[in-house]
There are 2 protein chains.
Amino acid sequence: MAQYSTLADGVFQALADPTRRTVLRRLSRGPASIGELARPFDMALPSFMKHIRVLEQSGWIRTRKVGRVRTCTIERASFDVVDTWLSEQRALWEGRTDRLDQFVTSDISQTKADSQ
Amino acid sequence: MAQYSTLADGVFQALADPTRRTVLRRLSRGPASIGELARPFDMALPSFMKHIRVLEQSGWIRTRKVGRVRTCTIERASFDVVDTWLSEQRALWEGRTDRLDQFVTSDISQTKADSQ
DNA sequence: CGAATACTGAGCCATAAGGCAAAGTATCAC
DNA sequence: GTGATACTTTGCCTTATGGCTCAGTATTCG
């Protein structure tokens, strides 16, 4: 679980930066080289490469170098980490809503169902 | 759009920290006071309060003080920001998968469909 | 083979983030 | 009214982050 939490840390931290989110958006449409990805940004290439490294180390993308060109490909696993986290919160939320609905509908006083 | 991007920045940055994600998980089950939320963490209260401020300023939670107790309540809007972003990437991804399937199935050479 | 291209590594800087302790304020309860 | 409780503010420290420049390496191409 701690390992999962560390994984989640990297996955969510990677999304904290607008540059990296934009890169992910572009890569969702298909693979691209470093140079191609960097073109829309007013940023020095070594700075941009730092973002690519963050995305790669957190599992959002995979990169492969052929000759002098490194191509980036998006990975679904990290999407699933975020998606799973959202689903878990939604399930908790809707569980709470269900209980609230039950309370309102049946008009029965409900004991505090607070565990974990 | 720039305003939306700034909103997204705060929303995603708030998720970058494990303490704040844990707080959101707890609040998904229902409102709680600052003291109650802080209890599971081995952290000074002023440090914990900083996290609460981040979550509030980014729109993840709303807080209300009655007497000496401040109660936090989760807000759905930020969930929707993250959910929307994921859906957009999935749509881009699946659009690419559809085109790839089309390519493989029909065995037709496909021009580069690269548009903004 | 040398110039051009596409990264890559190293070092630096400014700012942000996340923690701490200490002290303060507002409110309850006895 | 005083002690206890629940934050709140301030200032400081360490680490992380995100940017820069410069130089280097590997590869292509004319």
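Basis for what follows: all heavy atoms, side chains included, without hydrogens, waters or symmetry-related copies. So that the names make sense, note that chain A is the first sequence line, chain B the second, and so on, each numbered from 1.
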A/Arg70 CZ to C/dT5 C1', in whole Å, measures 16 Å

On a heavy-atom basis, the closest approach of A/Trp93 and B/Ile74 is CZ3-CG2, 2.6 Å

Its 5'-most and 3'-most nucleotides having an atom under 4.0 Å from a non-hydrogen atom of chain B, DNA chain D is contacted over D/dA4 to D/dT9

In short, B/Ala16 meets A/Ala16 closest at the heavy-atom pair CB-CB, 4.0 Å

Between CZ of A/Arg39 and C1' of C/dT5 the distance, given in whole Å, is 12 Å

Exercise for the section: Look at the rings of B/Trp85 and A/Phe79 and say which category their plane angle falls in: under 30° parallel, 30 to 60° tilted, over 60° perpendicular. Expected result: parallel

query: Within the distance-only criterion (no hydrogens, no angle test), does the side chain of B/Trp60 pair as donor or acceptor with the backbone N or O of B/Val11 below 3.5 angstrom?
result: yes

TODO: May I ask you to say whether B/Glu56 pairs ionically with B/Arg53, meaning some side-chain N is under 4.0 Å from a carboxylate O?
DONE: yes

Do the side chain of B/Arg20 and the main chain of B/Ala14 share a donor and acceptor less than 3.5 angstrom apart? yes

Does a sphere of radius 6.0 Å around CZ in B/Arg62 hold more than 12 heavy atoms from other residues, nucleotides or ligands, not counting ones at 6.0 Å or beyond?
no

Rounded to whole Å, the CZ-C1' distance (B/Phe12 to C/dA16) equals 20 Å

Say whether, by atom type as modelled, one donor and one acceptor occur between the side chain of B/Arg21 and the main chain of B/Leu15 under 3.5 angstrom.
yes

Output a table of nitrogen or oxygen pairs between the protein and nucleotides 27-30 of chain C separated by less than 3.5 Å.
residue : atom : partner : partner atom : Å
C/dT27  : O2   : B/Arg68 : NH1          : 3.0
C/dC28  : OP1  : B/Arg68 : N            : 3.1

Under 3.5 Å: donor-acceptor pair, side chain of A/Ser78, backbone of A/Gly59: yes

Within residues 43-64 of chain B, the residues having a heavy atom closer than 4.0 Å to DNA chain D are B/Leu45, B/Pro46, B/Met49, B/Arg53

Here the pair of heavy atoms bringing B/Thr63 nearest to B/Cys72 is CG2-SG, 3.8 Å

